[in-house]
Amino acid sequence: MKNRRALFAVPYVGWLALFVVAPIVMVVLYAFSSAAGGFTLENFSRMGAYAVVFARSFKLALAATLICLLIGYPVAYMISRESQRFQRVAMMLIMLPMWMNFLLRTYSWMSILENTGLLNRLFSAIGLFRLINALTGANLEYFPMINTQGAVVLGMVYNYLPFMILPIYSVIEKMDASLLEAARDLGAGSARVFRKVILPLSLPGVLSGVTMVFVPSVSTFAISKLLGGSNELLLGDLIETQFVGTAYNPHLGSAIALVMMVVVVVCMAVMNRFGEGEEQAVML
Amino acid sequence: MSKKLIRLVDCCMAFDGELVLDHINLYFNDSEFLTLLGPSGCGKTTTLRIIGGFLTPTSGEVLFDDVRMNDIPPNLRQVNTVFQRYALFPHLNVFENVAFGLRVPRREGGRKIKLPEPEIRQRVLEMLEVVSLKGFEHRRITGLSGGQQQRVAIARALVNRPKVLLLDEPLGALDLRLRKDMQSELKRIQQQLGITFIYVTHDQEEALAMSDTIVVMDQGRIQQIGTPEDVYNEPKNAFVADFIGESNILDGIMHEDYVVEFFNRKFKCLDSGFAPMEPVDVVIRPEDIDIVPVEKGQLRGTVTAVTFKGVHYDTIVDFKGFKWLIQTTDYHPEGETIGIVLNPDDIHIMRKSEYSGMFGDYSSYSEEYEEMDGAEEGSGDEE
């Protein structure tokens, strides 16, 4: 072996083969076979019925990713401008919710968003509904917030926002300060420095943030189940029911999972290519 | 020629209560190559950053053409900087790096004016030719050598036609040969374009080779301002004498005009204007000393070490416990007793200063050399 240290990678390669590659192979095998065994494409042909779930999943994940980006980028940027001490504290605060169990966090959103939940009770207490009813003549007792697509997106944003902030922050924070000085020196005002230097140089962070939010969002099942109710079924829920639910059909579940994986991988590849392309375009 | 473009009036700079610039008064003429020279931490880079607009002096004034600039940000100043490690934009190619400043819309009479693309193109290509990088415009920054990156950085600053170019140890990261080439190249560019260069370095040779004016700094204070010949031949104090070139610095007493005493002997010199019997520092450059047979010498000493330096020998000679460095082309072996003769113009008299007694004896010569080697290796990371 050329590099003796490569031996250290053996355990991980083994792990990878056993728990990543093998399951993918199994998913592929399942997806292309029927319960009776034997090759079939039936699992895929049946999937048309779930097009609406696919569309909804991608739509919500996209919305969540976009919102995370819009919130996360400015946050990451502003934190990186602050003092070292502030940065440490801010990073800890951003990570803090992640120390608590994911389900617990999502459950607590249920009790906030419910029709008789914290928010609606607060609105009622400050007389918001009375005011609206008096003004519009409606008969509102609460805002329906739980079991909506909005609630699902909120859950995604809440849970995955740190994954957007962290990579963007770390890229901006490592950026060579003399580059910004050079841009200023060459006459660029703050807006131009941001547009022409900081933004393009932080693109790698944005890409990895987008990936890290979009992928878990598109495949989540817990968030949609808890905050979206039974109406807003997502791909994750669909797959879950095929494996452990009433509609037990691991072959169909595998096929759905496979299609989702392919779509996600293609999305990411296109996006990364686009990111590189942008860099190259400027390079040319 | 001698129009004062930039003036620093009584500039002080303190970081966390620590004074790094101590009442700096300095002006910069049109079309001059001025070097701020000093060891690391002397305040030279701070001075440059104040002119560039990256720092605001704690007190004092920065004047451009007699207009107060203290609070004007860098992007609104008519100076450009070549940064220590170039600070080229890695996401842009050579052309776009150089064009960066030209693409910034200028404000004229409340309107924003953009340079037309053909003009940008023409100016960038012209400037790349000036720095000998013709044909490199589509190259990526990351694929360039250190010297090429250096040229891009210079072109990027100069293409904006600044009145003053600030250079912060621009050759620090280059190897020796490239550095020599770039020195003459920089000098050529400066003369060709006729603009003011303010150059920061800790390398005295570089400063002597390139500058019209050298400002020697230490501990946040200006020690001497003068032409390279001035600061070398007529150093103002022991610090300048020691920092620029090699020098033997001895204690002396000025008896009267043109007469100085050291080693209990009176010597003729060319200096006047001191009080009778004023204690002074005497500087004697190693290359000015003539070695003669013992009986003809004004002073006699014993050779304690000889190092061959190519053009000359570095000969350390012990005169009654005080070791001198003498540079001669003649070889005198260790242990030989020699005499020396000092001509009046070999002897330079300086007033006593806080630096008196800190330098000048070559007892620790070899250690000093090691220190200098170390300094050169680490020079890239300075300040």
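Just so it is clear, the model here is predicted, and its values are computed rather than measured. Here is the naming used below: chain letters follow the sequence lines, and residue numbers restart at 1 for every chain.
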Under 4.5 Å heavy-atom distance to chain A, tell me which part of [X] shows up: side chain, backbone, both or neither.
X	value
B/Asn160	side chain
B/Arg156	both
B/Phe83	side chain
B/Leu88	backbone

| More than 12 heavy atoms of other groups within 6.0 Å of B/Gln192 CD |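 Atom CD in B/Gln192 is packed in, count exceeds 12.
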| Any chance CZ of A/Phe221 has more than 12 other-residue heavy atoms, nucleotides or ligands included, within less than 6.0 Å? |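 Not buried by this count: 12 neighbours or fewer within 6.0 Å.
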Does the side chain of [X] reach to within under 4.5 Å of the side chain of [Y], using non-hydrogen atoms?
X	Y	value
B/Ile141	B/Tyr86	no
B/Leu102	B/Met127	no
A/Met261	A/Leu258	yes
B/Ile24	B/Ile50	no

| task | Name the member of B/Val104, B/Val159, B/Leu166 that forms the most heavy-atom pairs with chain A at distances under 4.5 Å. | result |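 The option with the most such pairs is B/Val104.
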| query | If you check every heavy atom in residues 162-197 of chain A against those of chain B, which residues fall under 4.5 Å? | reply |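 Heavy-atom contacts from residues 162-197 of chain A to chain B are A/Ser178, A/Leu179, A/Glu181, A/Ala182, A/Ala183, A/Arg184, A/Asp185, A/Leu186, A/Gly187, A/Ala188, A/Gly189, A/Arg192, A/Lys196, A/Val197.
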| Just checking heavy atoms, which of residues 54-86 of chain A are less than 4.5 Å from chain B? |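 Against chain B, none of the residues of residues 54-86 of chain A fall inside the cut-off of heavy atoms under 4.5 Å.
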| said: Which residues pass the salt bridge (charged side-chain N to carboxylate O under 4.0 Å, His left out) test with B/Lys134, not counting sequence neighbours? | reply: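 With sequence neighbours excluded, B/Lys134 shows a salt bridge (charged side-chain N to carboxylate O under 4.0 Å, His left out) to no residue whatsoever.
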| query | Sequence neighbours excluded, which residues qualify as salt bridge (charged side-chain N to carboxylate O under 4.0 Å, His left out) partners of B/Arg77? | reply |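 Partners of B/Arg77 by the salt bridge (charged side-chain N to carboxylate O under 4.0 Å, His left out) criterion come out as none, since no residue qualifies.
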| message | For A/Val152 versus A/Leu227, what's the shortest heavy-atom pair and its separation? | response |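 Between these two residues, the closest heavy atoms are CG2-C, 4.2 Å.
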| said: Could you walk me through whether B/Met69 and B/Leu63 satisfy the side-chain contact (heavy atoms from CB on, under 4.5 Å) test, starting with their C-alpha distance in whole Å, then the side-chain angles of each, then the deciding distance to 0.1 Å, before giving a yes or no? | reply: CA-CA 6 Å; B/Met69 296 293 281; B/Leu63 305 172; over 6 Å; no
| said: Looking at B/Glu169 and B/Arg85, is there a salt bridge between them, counting it only when a charged N and a carboxylate O are closer than 4.0 Å? | reply: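 Salt bridge absent between B/Arg85 and B/Glu169.
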| request: Report yes or no: does B/Asp168 contribute a side-chain atom to a donor-acceptor pair with the main-chain N or O of B/Gln84 at less than 3.5 Å? | output: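 No, B/Asp168 side chain to B/Gln84 backbone: no donor-acceptor pair under 3.5 Å.
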